Asker: 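Take this structure, written in structure tokens, and hold onto it; I'll ask about it next.
In this text, all values refer to a predicted model and were calculated from it rather than measured experimentally. Just follow the structure's listing: the first ligand is 1, and inside any ligand the first atom is 1.
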Amino acid sequence: MGKKCAVCNEGEGKYRCPRCRITYCSVPCYKEHKGSAACDAAYERLVLEKESQAAKESAAVLKDFESEENADENEEGYRILPDQLDRMVESKELQELLRGPRLREVIELVDAAEDREATLDRAVENNKEFSDFVQLLVETINPEGAPI
Ligand SMILES: [Zn+2]
Ligand SMILES: [Zn+2]
């Protein structure tokens, strides 16, 4: 069974709003939805979701980075605490950096690599943008400078 139309709640949600991705059933419903406050609200939710997804991706990158540094002390590696993740999502500086296409490229590269730690090390060494990002990431989630 498919989704219901988010506008009239009756028809089948066969189509998607290109802006906010809600589903709708027909042209009249889309006309009603287009430019509405509901579309704005759904679009904002979508943006927030994307940003927290980006933060989670960078958390995964950082996890690899830290787990290598702490390998001797902690076999399980590093875990991002929920409030640290919140801080990452809230950091405008980080979000700004993450919007850069080159940085996303590096993160995706590391994420897809077989040897993520080695790829990450190379990325930090060879890419100033990325090493700045990792630095900022560490500062953001760990503002007191206490050892993680
Ligand atoms: Zn409808
Ligand atoms: Zn919409």
Side-chain angles (χ1 to χ4, degrees), residues 1-68 76-146 148:
M1 208 190 87
K3 274 185 138 188
K4 285 235 156 131
C5 170
V7 183
C8 66
N9 252 317
E10 278 169 23
E12 195 190 328
K14 282 183 275 193
Y15 313 104
R16 268 183 194 282
C17 171
R19 182 162 180 258
C20 73
R21 315 295 296 159
I22 63 114
T23 54
Y24 62 94
C25 68
S26 60
V27 173
C29 275
Y30 181 60
K31 279 193 177 150
E32 195 184 317
H33 168 77
K34 200 180 167 201
S36 69
C39 184
D40 288 343
Y43 176 69
E44 263 163 44
R45 261 202 309 278
L46 201 71
V47 169
L48 271 180
E49 243 168 60
K50 268 193 195 156
E51 289 190 345
S52 72
Q53 184 58 38
K56 274 184 203 147
E57 277 170 30
S58 40
V61 166
L62 184 71
K63 187 176 160 224
D64 280 358
F65 187 66
E66 293 296 336
S67 66
E68 192 192 14
E76 282 184 31
Y78 178 65
R79 268 180 225 289
I80 303 268
L81 303 170
D83 70 307
Q84 292 179 319
L85 200 59
D86 283 350
R87 251 177 269 156
M88 287 167 64
V89 177
E90 279 160 21
S91 167
K92 290 273 173 289
E93 262 177 301
L94 270 180
Q95 299 306 338
E96 208 54 51
L97 276 176
L98 277 169
R99 281 198 190 101
R102 283 202 48 205
L103 192 60
R104 293 303 300 261
E105 242 171 61
V106 177
I107 290 175
E108 273 159 29
L109 192 82
V110 170
D111 216 36
E114 224 166 275
D115 189 344
R116 295 172 78 183
E117 285 177 5
T119 312
L120 190 64
D121 272 351
R122 265 202 305 279
V124 171
E125 268 170 39
N126 300 328
N127 188 319
K128 173 135 193 341
E129 205 179 354
F130 187 70
S131 66
D132 286 353
F133 165 73
V134 170
Q135 183 64 31
L136 182 64
L137 201 56
V138 173
E139 280 166 17
T140 302
I141 66 164
N142 190 31
E144 285 85 32
I148 317 181

Asker: Please state whether the rings of Tyr24 and Tyr30 are parallel, tilted or perpendicular, taking 30° and 60° as the class boundaries.
Answerer: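 Rings of Tyr24 and Tyr30: parallel, as their planes differ by under 30°.
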Asker: Could you check if a side-chain atom of Glu44 sits within less than 4.5 angstrom of a side-chain atom of Leu48, using non-hydrogen atoms only?
Answerer: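 Answer no - side chains too far apart.
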Asker: Mind reading off the angle at the Zn ion (ligand 1) between the SG atom of Cys29 and the SG atom of Cys8, rounded to 10°?
Answerer: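 Rounding to the nearest 10 degrees gives 110°.
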Asker: Roughly, to 10 degrees, what angle do Cys5 atom SG and Cys25 atom SG form around the Zn ion (ligand 1)?
Answerer: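 Between SG of Cys5 and SG of Cys25, at the Zn ion (ligand 1), the angle is about 110°.
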Asker: Do the side chain of Asn126 and the main chain of Arg122 share a donor and acceptor less than 3.5 angstrom apart?
Answerer: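 Yes.
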Asker: Counting neighbours of CD on Glu32 that are heavy atoms of other residues, nucleotides or ligands and sit closer than 6.0 Å, is the number greater than 12?
Answerer: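 Check fails, neighbour count at 12 or below.
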Asker: Just so I know, are the side chains of Leu120 and Phe130 near enough to count as touching, which here means a heavy-atom distance under 4.5 Å?
Answerer: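 A side-chain contact under 4.5 Å exists here.
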Asker: Would you say CD of Glu129 has more than 12 non-hydrogen atoms from neighbouring residues, nucleotides or ligands within 6.0 angstrom?
Answerer: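 Atom CD in Glu129 is crowded, with more than 12 foreign heavy atoms closer than 6.0 Å.
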Asker: Quick one: name the protein N/O/S atoms under 2.8 Å from the Zn ion (ligand 2), chain by chain.
Answerer: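 Within the sphere that stays under 2.8 Å of the Zn ion (ligand 2), the protein atoms of type N, O or S are Cys17 SG, Cys20 SG, His33 NE2, Cys39 SG.
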Asker: Counting only heavy atoms not in Tyr43, do more than 12 sit closer than 6.0 Å to its OH atom?
Answerer: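 No - once you tally the heavy atoms of other residues, nucleotides and ligands closer than 6.0 Å, there are 12 at most.
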